[in-house]
Trainee: 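Can you read through this structure? Questions will come right after.
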There are 2 protein chains.
Amino acid sequence: MIRLILAEDEHLTRSAVATLLGMEEDLTVVGQAATGEEALEAIRAHRPDIAVLDIEMPGLDGAQVAEHVATHHPGTRCVILTRHARPGVLRRALAAKAMGFVTKNTPAATLAQVIRTVHDGGRYVDPELAATALDNANCPLTDRELDVLRQVGPASTADDIAAAVHLSPGTVRNYLSSAMRKLQARTRTEAAAHAREHGWL
Amino acid sequence: MIRLILAEDEHLTRSAVATLLGMEEDLTVVGQAATGEEALEAIRAHRPDIAVLDIEMPGLDGAQVAEHVATHHPGTRCVILTRHARPGVLRRALAAKAMGFVTKNTPAATLAQVIRTVHDGGRYVDPELAATALDNANCPLTDRELDVLRQVGPASTADDIAAAVHLSPGTVRNYLSSAMRKLQARTRTEAAAHAREHGWL
DNA sequence: ACAGGTTGATGACAGCTGTCATCTGTACTG
DNA sequence: CAGTACAGATGACAGCTGTCATCAACCTGT
């Protein structure tokens, strides 16, 4: 019998998926959580075999929880669940030693199968995502350009960014300019949005 | 026996909720859809008593589907499902003659109960939301300011917006300016973000 | 020691943004 | 009818943005 906990902030999805997984012969849901903190608490209390973690949660997110689990609870393996199949999220999840990576577009039956695979020591990455993940290597931006883009918000001025990155405002504008050219964006905001979209952030 | 269809773009949530609702004695799920177009098709084919519609769907969204159903399929009543409990979304849903309004934070059991209520001719609006819906009256923006804000994208220039709204670029900037003052935003992008946050969009 | 790449800074310039005062029509209201 | 509110336009002005050419330090490899 595989014991698991389920962390997901939408109550409807969480209760529905939990019920469905619980109906499988070899799976039992021993705990549920709506936030990252609750997830850690449940893992500490129940020591499950598998933790199914949504990435998008208030407070601690799924990847942070997975990282904590990897170092403090080696008996528990993590499966990450995400809405948006962006490569950047995958990179974060893999860095946090997650063993499974599933989008919310996969049917519930597949999720149960992935849980079994991970429990048996295997790995699983959503195939649609594994393909686009090659974008990662294709990132045309330099480290400094990424540093600067990371600071771009809806109301950030060049001086704000300069202060945050310890550069001159002029230099900031230069890096933004070249990033915009590479990404074919017309404004810094658009460039930052594109970069986040690709998970390069 | 209440016959219903379920439209929701996330496969995992959709299949889980469908299975769960199907386990209720008096409910049966006769169709599922991942887009607005598929939802209309399923409604046309199965003539269900209730259509449970997610607002956030590619193509036609839930409110548009509900509007179409209200005029073309009077035998079907709509229950709207949404992730973000924003008042603007509620207004759109009620304008589209939806009878139920539920967020994804309500447990599955409540959803089943709402479906029964709506089937019996009742109405249901998420209580948390009904409270915040008073924000609606608190919206300080005029119609024109909203028109203009609606067109603000990450790379939109004043001329772009002017062309889209059939106004002079100068006038567009005036409306943006007053909207920014009211929302205490420093840029148009920030103002648009704030407005969307409050569901005033 | 010297050429060449990287990192950063500067100054100049056109164009856009936000802000404000002002001027039209136009519709509503007493 | 006069008064008033409102949608829309215009012009001016400071400040920011994007772009570009240029310059000064550094490493780094030969």
Side-chain angles (χ1 to χ4, degrees), chain A residues 88 91 135-201, chain B residues 88 91-92 95 135-201:
Chain A
R91 193 173 55 240
D135 267 17
N136 200 348
N138 291 0
C139 176
L141 302 168
T142 73
D143 288 350
R144 311 294 171 278
E145 284 162 0
L146 288 171
D147 287 342
V148 172
L149 270 185
R150 219 166 269 134
Q151 303 294 328
V152 172
S156 54
T157 161
D159 294 276
D160 296 346
I161 302 172
V165 194
H166 303 298
L167 283 178
S168 140
T171 308
V172 166
R173 285 162 60 198
N174 286 337
Y175 283 126
L176 284 175
S177 183
S178 72
M180 287 159 57
R181 181 160 18 87
K182 288 176 181 175
L183 272 60
Q184 303 188 59
R186 256 164 308 207
T187 66
R188 44 182 82 177
T189 319
E190 198 182 19
H194 280 183
R196 291 207 176 87
E197 195 73 20
H198 284 272
W200 294 331
L201 172 144
Chain B
R91 192 173 57 239
R92 284 188 55 211
D135 265 18
N136 198 350
N138 290 1
C139 175
L141 302 169
T142 71
D143 288 350
R144 311 294 171 279
E145 285 163 359
L146 289 171
D147 287 342
V148 172
L149 270 186
R150 219 165 271 133
Q151 302 295 327
V152 172
S156 54
T157 161
D159 294 273
D160 296 347
I161 301 172
V165 194
H166 303 297
L167 284 177
S168 139
T171 308
V172 166
R173 284 162 59 198
N174 286 337
Y175 283 126
L176 284 175
S177 183
S178 72
M180 286 160 57
R181 181 160 17 85
K182 288 176 181 174
L183 272 61
Q184 304 188 58
R186 257 165 308 208
T187 65
R188 44 182 84 176
T189 318
E190 199 182 17
H194 280 182
R196 292 206 175 88
E197 196 72 20
H198 283 271
W200 295 329
L201 176 143

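Each chain gets a letter, A, B and so on, in the order the sequences are listed, and its residues count up from 1. All values below come from the heavy atoms of this structure, side chains included, with hydrogens, waters and symmetry mates left out. If you're wondering where the values come from, they're calculated on a predicted model, not measured in any experiment.
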Trainee: Between the base of C:dT10 and the side chain of A:N174, is one N or O donor paired with an acceptor at under 3.5 angstrom?
Mentor: yes
Trainee: Donor-acceptor pairs under 3.5 angstrom involving side-chain atoms of residues 146-163 of chain B: please list them, not counting sequence neighbours.
Mentor:
residue	atom	partner	partner atom	Å
B:D147	OD1	B:R150	NH1	3.1
B:R150	NE	B:L201	O	2.4
B:R150	NH2	B:L201	O	3.1
B:S156	OG	B:G153	N	2.8
B:S156	OG	B:G153	O	3.0
B:T157	OG1	B:D159	N	3.4
B:D160	OD2	B:T157	N	3.2

Trainee: Under 4.0 angstrom, heavy atoms only, what part of the nucleic acid is B:R144 near: base, sugar-phosphate, or nothing?
Mentor: sugar-phosphate
Trainee: If you round to the nearest 0.5 Å, how far is CZ of A:R186 from CD of A:Q184?
Mentor: 10.0 Å
Trainee: Out of curiosity, B:L183 CG to B:E190 CD, how far, rounded to the nearest 0.5 Å?
Mentor: 9.0 Å
Trainee: Stepwise, does the side chain to side chain contact (heavy atoms under 4.5 Å, CB included) test hold for B:R188 with B:R173?
Mentor: CA-CA 9 Å; B:R188 44 182 84 176; B:R173 284 162 59 198; 4.3 Å; yes
Trainee: Once you round to the nearest 0.5 Å, how far does NE2 of B:H194 lie from CE of B:M180?
Mentor: 11.0 Å
Trainee: Considering every strand and a 4.0 Å limit on heavy-atom distances, what is the contact class for B:T187: base, sugar-phosphate, or nothing?
Mentor: sugar-phosphate
Trainee: Between A:R173 and B:T171, which is nearer to the 5' end of DNA chain D once each is assigned its nearest nucleotide?
Mentor: B:T171
Trainee: If you look at every strand shown and take non-hydrogen atoms under 4.0 Å, does A:L167 touch a base, only sugar-phosphate, or nothing?
Mentor: sugar-phosphate
Trainee: Report yes if a side-chain nitrogen or oxygen of A:S168 is closer than 4.0 Å to either non-bridging phosphate oxygen (OP1 or OP2) of C:dT10; otherwise report no.
Mentor: yes
Trainee: State the OG1-CZ distance between A:T171 and A:R144, to the nearest 0.5 angstrom.
Mentor: 12.0 Å
Trainee: On DNA chain D, which is the earliest and which the latest nucleotide, 5' to 3', with an atom closer than 4.0 Å to a heavy atom of chain B?
Mentor: D:dA7 to D:dA12
